[in-house]
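Working notes for the structure below.
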2 protein chains.
Amino acid sequence: MLTDRQLLIFQVIVDDFIQSAQPVGSRSLSKKDKIAFSSATIRNEMADLEELGFIEKTHTSSGRIPSERGYRYYVDHLLSPQQLNHHDVHKLKSVFAERIFELEKIVQKSAKILSELTNYTSIVLGPAVKENKLKKIQIVPLNNQTAIAIIITDSGLVENRMFQIPESMDANELEKLVNILNDRLSGVPIESLNDKMYKEVAILLRQHINNYDYILHSIADSLKIPVHEKLFFGGKSNMLSQPEFHDLDKIKSLMEMIEQEDSIYDLIRKNKTGINIKIGKENNNSAMENCSLITATYSIGTEQLGTIAILGPTRMEYSRVISLLNYISSDLSSVLTKLYQRN
Amino acid sequence: MLTDRQLLIFQVIVDDFIQSAQPVGSRSLSKKDKIAFSSATIRNEMADLEELGFIEKTHTSSGRIPSERGYRYYVDHLLSPQQLNHHDVHKLKSVFAERIFELEKIVQKSAKILSELTNYTSIVLGPAVKENKLKKIQIVPLNNQTAIAIIITDSGLVENRMFQIPESMDANELEKLVNILNDRLSGVPIESLNDKMYKEVAILLRQHINNYDYILHSIADSLKIPVHEKLFFGGKSNMLSQPEFHDLDKIKSLMEMIEQEDSIYDLIRKNKTGINIKIGKENNNSAMENCSLITATYSIGTEQLGTIAILGPTRMEYSRVISLLNYISSDLSSVLTKLYQRN
DNA sequence: TGTTAGCACTCCCTACATGTGAGTGCTAAT
DNA sequence: ATTAGCACTCACATGTAGGGAGTGCTAACA
């Protein structure tokens with residue numbers, strides 16, 4: 001529905017605006033090498049593009065900027081995958097250069113490097129734990145009253161919780177307790193632990209443990225592994241350098257949203273596998289009005305999924321960011337799979 | 001060296017400026033109830049106060065604001081401990097209302113509430129781990145190649161690290177390894193673990209374990225518990241609402257400093273027990289030029305120390321913040337001591 | 001001798017006018 | 001269809017004027 005010329009002009013407008021953050025006018029467009037027609041012609045075409053909703057003016061006599069709809073079209077139809085340059089590739093590789101075995105560290109480092117390469121804010125959602133299965137529970141007493149319950153899942157997640165030991169309980173009984181727990185619960189998905197505790201395990205405990213009531217609740221509490229996977233950020237303050245955030249109020253609401261991790265979590269969580277792009281209002285979040293969010297998923301083996309995302313202004317280098325995300329998410333997947341593959 | 005009247009005027013200037021963030025002039029001062037003399041008299045006194053370096057002008061004909069030196073004097077000599085109101089106390093109490101047993105959670109919640117009460121940024125440094133002693137090491141194999149080493153200290157800190165199991169190693173040998181480690185290392189301060197590993201333990205491993213070399217390094221690596229205690233923040237974006245940070249550049253450098261946790265760590269770490277106040281340039285950090293940092297230490301039992309701090313503009317409600325910090329740090333100390341006291 | 005009223009002066013801030021540059025839409029000529 | 005030309009618009013920078021809140025200084029006062 002767009003003529004080739006309109007397409008060309010539109011693309012140049014978007015590219016120029018992404019680069020300069022300034023509304024682009026017909027005269028400056030006409031000077032570009034790629035564009036061979038006069039400013040008046042361009043003006044006519046721009047009027048059409050505006051009518052179609054792809055571009056808009058900031059005020060009556062200003063140049064044009066892409067509309068959200070325009071960005072959407074740009075992203076869907078005009079994006080040419082960009083080759084990463086040597087420098088970028090080199091930096092990306094450095095994430096995996098050191099031999100780090102910890103998921104958190106790897107993920108955190110990815111976030112940091114992504115934000116450095118893009119000058120936007122990066123967000124990484126750690127892999128989902130709810131599909132993890134319990135590998136082992138251990139209980140280590142610290143003193144007479146206190147003990148630590150340590151929960152290890154089959155993909156190497158370790159969580160620990162402190163609890164009070166009832167006075168009636170001795171070392172012997174504690175061992176019995178641990179045995180029962182491991183016997184009944186290992187292999188059980190984290191999600192169903194609580195359920196299983198109060199059904200199967202409760203009965204067993206009643207038979208073998210004095211005061212089973214109190215300890216049941218304590219342990220069940222300990223087993224409540226947070227449903228929210230951890231979020232890691234990189235370059236939170238990068239957005240402050242973006243010209244669209246000269247406005248203090250905008251910055252404030254954005255920063256508050258970032259700080260309040262719940263909304264970020266919602267924003268990022270609900271994405272399907274692969275690359276997802278949400279532009280401006282598509283995010284359904286007033287603080288994100290001028291922002292776009294690009295997410296990519298990474299996986300461990302075939303099932304466990306995490307998300308890695310870039311938050312930038314709508315005027316974002318989509319092509320570059322997508323390339324970077326593609327690259328890092330596939331690297332992440334393969335490295336993590338190698339490390340954490342269940343046997 | 002200051003007359004009573006100068007002191008009065010100075011105090012009112014500081015109080016007023018802390019409240020309004022506007023330079024205060026002689027005329028508006030003379031209208032205050034506390035002050036019974038004319039604006040001209042006040043002008044004379046202010047000239048003297050300025051000469052003494054306690055107050056300064058923002059420009060030739062502006063009202064006066066306290067200088068850093070002035071704040072220092074105010075803090076050292078004029079601060080009257082402020083009674084906390086019911087609302088504050090109630091909110092502070094809520095930190096400990098739920099029965100949380102985890103140090104991290106408690107500490108994090110404290111930070112959050114402090115920032116809400118003050119509208120400044122709060123920073124909590126988790127308790128130092130270096131004086132912790134090793135309670136137990138456990139190794140849980142995840143699959144044929146990978147295992148997790150879990151390190152538990154006597155005060156309930158749990159750290160875990162993944163490592164590769166050498167092929168030559170079977171379950172039997174793994175158990176031997178764990179026994180040796182626990183036998184030799186339990187009770188050893190975290191700091192000296194590495195040392196001890198390479199001296200005592202290395203010899204034993206050589207005798208009992210094939211391929212001891214590789215596993216020695218892996219375990220030693222795992223034992224490197226980060227020296228940096230964890231930092232928790234609350235209200236990072238609160239500073240954006242402070243009028244002194246209308247300037248984007250200032251905000252940016254402050255935010256970048258906060259993000260770059262190392263410098264915060266340095267800033268907070270080196271404080272002595274009790275309340276410490278650092279005003280503006282006293283912090284030796286250009287991003288903190290317009291900020292003051294008030295720190296308080298909390299303790300677990302008699303030795304282990306953590307720090308809780310408030311970062312605000314130099315124009316900060318010192319008295320209130322100090323009261324809050326005092327309150328929360330002593331509450332933190334007593335709760336944590338009860339929970340984590342070593343036996 | 002300490003205090004105060006009065007006065008000239010300074011500086012910031014806001015509002016208003018004005019000019020310029022980069023843009024636009026429209027029209028008529030190519 | 002394309003383009004040159006023109007009148008028009010708007011943001012932005014610059015300049016100017018007036019008001020407000022402050023100052024320092026001086027002279028009069030208790």
Side-chain angles (χ1 to χ4, degrees), chain A residues 2-10 12-17 19-32 34-67 70 243-244 246-248 315, chain B residues 1-10 12-17 19-32 34-67 70 243-244 246-248:
Chain A
L2 287 186
T3 66
D4 282 357
R5 195 168 64 186
Q6 284 174 323
L7 258 147
L8 172 64
I9 289 177
F10 176 61
V12 174
I13 290 176
V14 179
D15 288 338
D16 188 277
F17 183 70
Q19 203 269 313
S20 71
Q22 296 298 324
V24 0
S26 56
R27 201 180 124 75
S28 73
L29 266 187
S30 71
K31 284 188 188 153
K32 301 236 167 190
K34 288 185 192 169
I35 294 196
F37 13 90
S38 76
S39 62
T41 309
I42 296 170
R43 279 201 286 284
N44 289 328
E45 298 286 29
M46 295 216 285
D48 290 349
L49 283 169
E50 183 168 6
E51 209 166 331
L52 292 167
F54 289 100
I55 56 179
E56 55 194 29
K57 293 186 268 194
T58 59
H59 57 85
T60 21
S61 74
S62 78
R64 304 304 212 289
I65 64 173
S67 66
E244 29 270 279
H246 266 312
D247 181 2
L248 260 174
R315 179 192 64 80
Chain B
M1 82 199 197
L2 288 184
T3 67
D4 283 356
R5 195 168 65 187
Q6 284 175 324
L7 251 133
L8 173 64
I9 291 177
F10 176 61
V12 175
I13 290 175
V14 178
D15 288 338
D16 187 277
F17 183 70
Q19 204 270 314
S20 70
Q22 297 298 325
V24 359
S26 56
R27 203 179 122 76
S28 71
L29 266 188
S30 70
K31 285 187 187 151
K32 301 236 165 188
K34 288 185 193 168
I35 293 195
F37 12 91
S38 75
S39 62
T41 309
I42 295 169
R43 280 201 287 285
N44 289 329
E45 298 287 30
M46 295 215 287
D48 290 349
L49 283 168
E50 182 168 7
E51 209 166 332
L52 291 167
F54 289 99
I55 56 180
E56 54 195 29
K57 292 185 268 194
T58 59
H59 57 85
T60 23
S61 74
S62 78
R64 305 302 212 289
I65 64 173
S67 65
E244 28 271 280
H246 267 311
D247 181 2
L248 261 174

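Just so we're clear, the structure is a prediction, and the values are computed from it rather than from any experiment. Within every chain, numbering begins at 1; the chains are lettered A, B, ... in the order of the sequence lines, protein sequences first and strands thereafter.
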Problem - Out of C/dG25, C/dT4, D/dT3, whichever nucleotide has its closest atom nearest the side chain of A/Ser38 - result: D/dT3

Problem - Side chain of A/Arg64 - closest among C/dT4, C/dG25, C/dG23 - result: C/dG25

Problem - Whether A/Ser28 side chain and A/Val24 backbone form a donor-acceptor pair below 3.5 Å - result: no

Practice task
Looking only at side-chain atoms of B/Met46, point me to the closest of C/dT3, D/dT3, D/dT23.
Solution key: D/dT23

Problem - Proximity to the side chain of A/Arg5 - top-ranked nucleotide from D/dG22, D/dG5, D/dT2 - result: D/dT2

Problem - 4.5 Å side-chain heavy-atom contact, B/Gln6 and B/Asp48 - result: yes

Practice task
Pick base, sugar-phosphate or nothing for B/Ser39, based on heavy-atom distances below 4.0 Å to the nucleic acid.
Solution key: nothing

Exercise for the section: Check if the side chain of B/Ser61 and the base of C/dT10 share a donor-acceptor pair of N or O atoms closer than 3.5 Å. Expected result: yes

Completion exercise
Out of C/dG25, C/dT3, D/dC10, minimum distance to the side chain of A/Thr60 belongs to D/dC10

Fill in the blank from the handout: The correct set of residues in residues 20-27 of chain A placing a heavy atom under 4.0 Å from DNA chain C is A/Gly25, A/Ser26, A/Arg27

Completion exercise
A/Asn44 atom CG is separated from C/dG25 atom P, nearest whole Å, by 8 Å

Practice task
Classify the nucleic acid contact of B/Ser62 as base, sugar-phosphate or nothing, counting any heavy atom under 4.0 Å across all strands shown.
Solution key: sugar-phosphate

